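Below is one structure, written out as structure tokens, with a few remarks after it.
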Amino acid sequence: MLVIVPAWNEETTLAAVVEETRRALLDAGVPADILVVDDGSDDATGAVAEASGAFVAHLAVNLGVGGAMRTGYRYARRQGYAATVQVDADGQHNPADIPALLSVLADGADIVIGARVAGDGAYLARGPRRWAMSMLSGTISRIAHTRLTDTTSGFKACGPRAIALFARSYPAEYLGDTVESLVVAARTHLVIREVGVVMRPRAGGQPSHGPARSAAFLGRAVLALGLALTRPRPELRGTFRQYEELDA
Amino acid sequence: MLLSQSGYPFALVVAALLLIALFWLLRTQRLREKYSVLWFAVIVGVVLLTFIPSITGWLTALAGVTTPINLVFILAFLVLLVVCIQLSIEISSLEESARTVAEEVALLRLELERRTGRPDQPDPPEE
């Protein structure tokens with residue numbers, strides 16, 4: 001199992017996230033490697049990551065979460081990992097939830113989303129942002145034939161078929177790492193499930209909220225979803241042929 | 001049509017200068033041949049309109065536009081629009097290539113570090 005941590009200018013929180021993840025997986029008895037993808041950070045993120053003892057892929061330029069994650073999936077595929085979990089470097093995701101995600105994955109899902117639910121440090125969205133999120137969840141639920149409540153969560157576990165797909169085509173567009181990647185997966189008939197997890201407040205950095213930003217989010221979400229739905233279907237056969245070759 | 005009494009010599013001079021500039025850019029390899037085609041087409045169009053101005057009148061009747069000069073403006077606008085879109089497409093494809101290359105380089109560096117067993121000295125943060 002490979003934990004992928006995309007990190008862009010997260011020097012303050014990264015070391016703790018890597019350490020906590022390592023300990024949580026050790027406690028749960030899950031053998032895992034941790035790959036930090038340093039997304040062209042301007043600060044000491046790369047050095048912090050090296051010092052943490054995780055594998056580190058240094059992107060020479062900032063590619064955004066999509067580029068960082070595709071790097072992670074490519075690595076996972078080449079090294080033959082059977083599962084990956086994406087954990088954000090800001091400490092929002094509780095690594096203690098990873099075993100829950102993995103157990104649903106083991107039940108036959110290709111992608112398991114850690115969906116933000118009410119609880120301590122609950123994720124509260126209001127106004128346009130909330131409408132956008134429920135619109136996204138509703139639409140993606142329909143095409144994925146399952147009930148999804150939080151499709152903008154970055155906390156995700158992927159099985160071999162999803163890794164093969166994402167190593168090849170992981171969208172770099174806005175919301176591509178969450179919304180569009182799910183649309184691509186659903187249209188490729190991958191099985192998507194979700195598990196409720198409690199999101200913690202960010203250990204550092206500022207959340208991007210505010211009415212204007214929320215409205216912009218709504219507009220861009222509609223655009224991203226519309227584009228994702230009308231794009232040509234990703235090539236099924238090629239992806240899975242490669243995956244079968246990997247198996248052989 | 002008396003050339004000296006019109007703006008046509010001016011248009012011809014402009015077309016000639018553009019042509020020279022394009023050739024120079026191509027010769028010094030600052031412009032790839034595939035991007036020059038459209039500009040050559042524009043120059044040919046300008047030269048044609050200069051020598052055979054009646055084309056404009058004919059096209060105007062065909063397009064249902066009243067004033068010939070408006071048609072010329074619309075065509076010029078459309079050409080510029082197409083060029084802009086073409087450049088956007090090229091930029092998008094360049095970004096995708098750069099993204100793929102950056103990802104591969106990062107993975108190669110990781111592979112190298114794992115095999116040699118010593119991490120590179122991370123780059124100092126840029127000022």
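The structure displayed is predicted, hence computed values, not measured ones.
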How close do A/His58 and B/Ala106 get, counting heavy atoms only, and between which atoms? O-CB, 3.1 Å
Given heavy-atom pairs under 4.5 angstrom as the criterion, report whether the side chain, backbone, both or neither of B/Glu111 touches chain A. side chain
What's the separation between atom CG in B/Leu110 and atom OH in A/Tyr75, rounded to the nearest 0.5 Å? 4.5 Å
Checking A/Leu59 against chain B: side chain, backbone, both or neither under 4.5 Å from a heavy atom? both
Side chain, backbone, both or neither: which part of A/Tyr73 has an atom under 4.5 Å from a heavy atom of chain B? neither
Starting from the C-alpha separation in whole Å, work towards a yes-or-no answer on side chain to side chain contact (heavy atoms under 4.5 Å, CB included) for B/Glu113 and A/Val56. CA-CA 9 Å; B/Glu113 285 170 7; A/Val56 189; 5.5 Å; no
Charged N-O contact under 4.0 Å between A/Glu50 and B/Arg109: no
I'd like to check A/Val61 versus B/Arg99 (side-chain heavy atoms, cut-off strictly below 4.5 Å). Are they in contact? no
What pair of heavy atoms forms the shortest contact from B/Glu103 to A/Thr71, and how long is it? CG-OG1, 3.0 Å
